[in-house]
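Data first, discussion second: the structure below is written as structure tokens.
Letters A, B, ... are given to chains in the order of the sequence lines, protein chains preceding strands, and every chain is numbered from 1.
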Amino acid sequence: MGKNLVIVESPAKARTINKYLGKDFEVLASYGHVRDLIPKDGAVDLDSFAMNYTLIEKNKKYVSEIVKAFKKADALYLATDPDREGEAISWHLTEILAEKKLLKDKPVKRVAFNEITQSAINEAISNPRDVSMDLVNAQQARRALDYLVGFNLSPLLWKKIKYGLSAGRVQSPALRMIVERELEIEAFKEEEYWTIEADCEKSKQKFVGKLTQFSGKKIQQFSITDDKHATDVRTELLQAANGQLKVVKVEKKQRKRRPAAPFITSTLQQEASRKLGFSASRTMRIAQQLYEGVDVGGGAVGLITYMRTDSVHLAKEAIGEIRDFIQNRFGKDQIPGQPNVYKTKQKNAQEAHEAVRPTSVNRVPDEIRKSLTDDQYKLYNIIWKRTVASQMVDALIDTVAVDMSCGTGNVFRANGSAIRKPGFMAVYLEGTDDSNNGGDEKMLPQLKEGDEIQLNGIRNEQHFTKPPARFTEASLIKTLEEFGIGRPSTYAQIISTLVSREYVILESKRFSPTDIGRVVHRFLKDHFEKYVDYDFTAELEDELDAVSRGEDDWVRLMRSFWTPFSTQVNEKAQMAKDELIENRVLGTDPKSGRPVSVRMARYGAVVQIGTKDDEEKPLFAGLKPNQSMETISLEEALILFQLPRELGETAEGEPVSANIGRFGPYVRYGSKFASIKEDDPYSITLERALEIIDEKRKEDANKIIQQFDGSTVQVLNGRYGPYITDGSKNARIPKSMAPESLRLEECLEMLEKAPTKKGRGRGRKPTKK
DNA sequence: CAGTGAGCGAGCTTCCGCTTGACTT
């Protein structure tokens, strides 16, 4: 008898489910999507929106395993994730099997479970359904739209701005956030304000009160805005106080604090960034290790549930185990009467999985620490603690606000707080971004109305309002998620796209836009605002939902998007560059009287003297790496036209000059070049240039291990060790061979066998891993 | 690998969202 074949997306999940299902079932993984649009023009028909799919190259081997197993199986259970993308994977698999004429009358069933527990899986297997074409069509619409946006906007950027750029439904709003934040910071005008604080003492305990009322008027942030006013107020207060304040009001309150929801991908990335300093991609890499399994004694076991999720839901079984654990470890009074329930906040959440939680809360971080790497321990620790805390009782906090009079009409206020019952706070406290709440509230002494307080002094402090903070990885992901832009599996990727396109740079863990990032954003905002709007994705999601519920037709949806979009693309494509992008004019060149402007050209930002319409051709010069289009001044721009500088000659009589080329600054000697790293081509001396040339000559001599007479074949020392080249093709040398004693025949043979060079993009860094 | 920048046309890239391993000059 054949078996029942079950398909899931992840191989780790396949292993787990295999255990639950027993010997009548064989579980295989699809490794994610199995087919995708052909990655070039023509993947989507612009009239019918018919889609041209092809197998994903690196998943072909898994697909053939599935096909092979299906031939022997009695029935197929499609258990891909219960969301739009998962439904599409199931559909693509049945399409592949149908094309091979394998389906015949074998039953194909779609099953779905949101948690990997014995009961959930049994339940799912016994309640199969058909693949939902409505859901599949919603996915196809999503896929086609993303393709059309990306593959129409990007080429427009190549033509109008610079080769190799990109735009998309997700990356472009993300870029916009970073650029607009920078513009806010640049437009920010700091404002001065003063605070006045009293240093108080009672029963030998010191505390601080803030001035909240002066001469009968409430004191607000900008009530006092200069030194003189502050000094006058202070002098008056000191006189009125005469060394003492008097308690006029004591207000006590109790505040509850709820634990944070269990982790989902975005909150995990944020907390790992805030608390552990991990980048989003590092967090995901480590989480993957924890998910796939670690040997903590008795074989490898998955320590956490799936890490790419947008659901805060916990399996019933898990909640039971966590509540037992809390009761045993912290006492019965630490669990709430009913389990804490959390609701997913995002609108476009698909909730295909559980929250990220330990697979068993009984694997306490400190008890398995020796089996984990440092990074694994740290990440597991916060996941474990956050999960446990999420099912504990609220914390209870006492707060007290004390008003103290200082003469008549003047009031200082002291705030204090104390934790009465820590509850969940004993285990885990969520971190905060850019906390400006300097209110590190402390305990106050016992105070009651009428008490006299010793006044030790009054302090004036000058402050300035601060501009909004630049985005961190954590705050960017948080913001993207709030707008429903991007998915758990792509947050880390969005960041690396922006960085590898050189739209933004990450410095001291903060994002700022580059010149090219600003130019691209400006172009998209001016000409395609609707499609880079923060709400574009959210509105699309609503329409996709309608398709998935069968209330709308996906082709109609596509047409309503494509008709206006394609018109707009065509219109803009016909406009000239300078109509689409405004150049920044710096002033007039004193020598020629021609205008000096700065703009983004094919190979980067350039300063230009004159315009293209002038009779005389304009002059060009590239910006230095640390200069920016936004800030460069006329004076700085004119200096750039000093290159190339003739420095003199080498001992052999070759002319030596300094300049900046495509690959950075260099000195030229005769027809050869040497890169310069620390020196500045505008100020480098002949003496220094000759030193660099000398070093370069030595380096060239060292590079060659062997060369052969009458052949172009050379054995060279490269970045990754010795290798053989014939000028166009390279071959690596196995460790067992000595590069200096290879014979020509051996080299030719190895070159023959070496894989042919793949067509690498010209000088571009690959975006894909 | 080293002097471009306009515009022409060759040949090149480019999207988002599912999943894990793979290999350079």
Side-chain angles (χ1 to χ4, degrees), chain A residues 8-13 29-34 36-37 39-41 43 56 58-59 62 80-81 83-86 88-89 92 139 142-159 162-172 288 292 308 352 486-490 493-494 497 501 537 576-578 599-608 611-613 617-622 643-644 657 659-668 671-675 716-725 730-732 755 757-764 766-767 769:
Chain A
V8 295
E9 293 181 35
S10 145
K13 197 167 168 180
S30 74
Y31 288 75
H33 277 295
V34 289
D36 194 13
L37 292 176
K40 50 187 171 195
D41 283 345
I56 294 170
K58 61 185 190 359
N59 283 359
Y62 307 119
T80 50
D81 293 350
D83 57 17
R84 205 158 64 203
E85 301 295 327
I89 293 172
H92 279 295
Q139 194 275 345
R142 196 280 304 157
R143 182 69 192 87
L145 186 141
D146 281 338
Y147 165 85
L148 290 173
V149 170
F151 275 58
N152 281 285
L153 289 184
S154 301
L156 201 55
L157 297 178
W158 307 340
K159 254 178 87 184
K162 197 176 173 218
Y163 174 78
L165 301 176
S166 66
R169 173 179 59 85
V170 168
Q171 61 171 276
S172 297
Q288 179 88 30
E292 283 182 359
R308 290 186 272 267
R487 301 279 311 135
S489 62
T490 60
Q493 186 64 46
I494 296 165
T497 299
R501 290 275 170 277
T537 291
K577 278 188 184 185
D578 49 2
R599 67 187 176 86
M600 189 55 66
R602 202 165 173 74
Y603 303 107
V606 294
V607 185
Q608 178 179 333
T611 69
K612 70 177 161 72
D613 303 320
K617 272 194 161 186
L619 299 169
F620 296 101
L643 291 182
S657 60
N659 200 0
I660 298 175
R662 170 131 160 58
F663 305 100
Y666 63 92
V667 289
R668 178 173 181 161
S671 59
K672 289 186 152 180
F673 301 84
S675 290
L716 300 179
N717 229 335
R719 242 193 331 151
Y720 305 98
Y723 68 103
I724 305 167
T725 183
N730 299 330
R732 38 188 341 183
K757 238 204 272 191
K758 275 180 274 175
R760 292 177 299 113
R762 285 179 61 76
R764 275 203 63 81
T767 344
K769 296 167 283 175

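- Applying the ring-ring contact (aromatic ring centres under 6.0 Å, His included) test to A:Tyr62 and every residue at least two apart in sequence or in another chain returns A:Tyr31.
- As rounded to whole Å, 12 Å separates atom P of B:dT14 from atom CD of A:Gln493.
- Here the side chains of A:Glu85 and A:Thr80 are not in contact, with every heavy-atom distance at 4.5 Å or above.
- Inspection of the A:Ser489 and A:Arg308 side chains reveals no N or O donor paired with an N or O acceptor under 3.5 Å.
- Between the side chain of A:Tyr163 and the base of B:dC12, a donor-acceptor pair under 3.5 Å is found.
- Between the A:Glu9 side chain and the A:Asp81 main chain, a donor and an acceptor come within less than 3.5 Å of each other.
- You'll find that the side chain of A:Val606 is closest to B:dG5, out of B:dT14, B:dG5, B:dC18.
- Residue-level contact check: A:Pro11 touches the backbone only, with heavy atoms under 4.0 Å from sugar-phosphate atoms and none from bases.
- For A:Lys58, whose side chain is taken as the heavy atoms from C-beta onward, the closest listed nucleotide among B:dG17, B:dG3, B:dT20 is B:dT20.
- Among the protein residues, A:Arg668 comes within range of the nucleic acid bases, having at least one heavy atom under 4.0 Å from a base atom.
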Q | Worked check of side-chain contact (heavy atoms from CB on, under 4.5 Å) between A:Leu619 and A:Gln608 | A | CA-CA 6 Å; A:Leu619 299 169; A:Gln608 178 179 333; over 6 Å; no
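- Between A:Ser489 and the phosphate of B:dC18, there is a side-chain N or O to OP1/OP2 separation shorter than 4.0 Å.
- Nearest-nucleotide mapping onto DNA chain B: of A:Ala601 and A:Asn59, the residue sitting toward the 5' end is A:Ala601.
- At distances below 3.5 Å, at least one donor-acceptor pair connects side-chain atoms of A:Asn59 with backbone N or O atoms of A:His33.
- Using a 4.0 Å heavy-atom criterion, one finds that A:Arg142 contacts the bases of the nucleic acid, with or without backbone contacts as well.
- Within 4.0 Å (heavy atoms only), A:Gly168 reaches sugar-phosphate atoms of the nucleic acid but no base atom.
- Between the NZ atom of A:Lys159 and the C1' atom of B:dT14 there is a distance of 15 Å, rounded to whole Å.
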Q.
Give the dot-bracket line for DNA chain B from 5' end to 3' end: parentheses for intra-strand Watson-Crick or G-U pairs under 3.5 Å, square brackets for crossings, | for inter-strand pairing, dots for unpaired.
A. .........................
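- Rounding to whole angstrom units, CG of residue A:Asp83 and P of B:dG17 are separated by 12 Å.
- Among the atoms of the strands shown, only primed sugar atoms or phosphate atoms (P, OP1, OP2) are found under 4.0 Å from some heavy atom of A:Gln171.
- Distances were taken from every side-chain heavy atom of A:Glu292 (C-beta onward) to each of B:dT20, B:dG3, B:dA6; the shortest belongs to B:dT20.
- Backbone-only contact: A:Ser166 has heavy atoms under 4.0 Å from sugar-phosphate atoms and none from a base.
- Taking NE2 of A:His92 as the reference point, atom CD of A:Gln139 lies at 5.5 Å (rounded to 0.5 Å).
- Taking side-chain N and O atoms only, A:Thr490 has no distance below 4.0 Å to OP1 or OP2 of B:dC18.
- The distance between atom CZ of A:Arg501 and atom C1' of B:dC16, rounded to the nearest whole Å, is 13 Å.
- For A:Asp81, taking side-chain heavy atoms from C-beta onward, the closest of the listed nucleotides B:dG17, B:dC18, B:dC15 is B:dC18.
- Note: NZ (A:Lys13) to P (B:dT19) measures 8 Å, nearest angstrom.
- Taking only side-chain atoms of A:Asp36, from C-beta outward, the nucleotide of B:dG17, B:dT20, B:dT14 with the closest atom is B:dG17.
- A:Ala167 comes within 4.0 angstrom of the backbone, heavy atoms only, and of no base.
- Checked by atom type and distance alone, the side chain of A:Thr490 never pairs as donor or acceptor with a backbone atom of A:Gly486 at under 3.5 Å.
- Taking only side-chain atoms of A:Arg308, from C-beta outward, the nucleotide of B:dT19, B:dC16, B:dC18 with the closest atom is B:dT19.
- Along DNA chain B, the nucleotide nearest A:Asp41 and the nucleotide nearest A:Gly32 are compared for position; the residue whose nucleotide lies closer to the 5' end is A:Asp41.
- Using a 4.0 Å heavy-atom cutoff across all strands shown, A:Gly86 reaches no nucleic acid atom at all.
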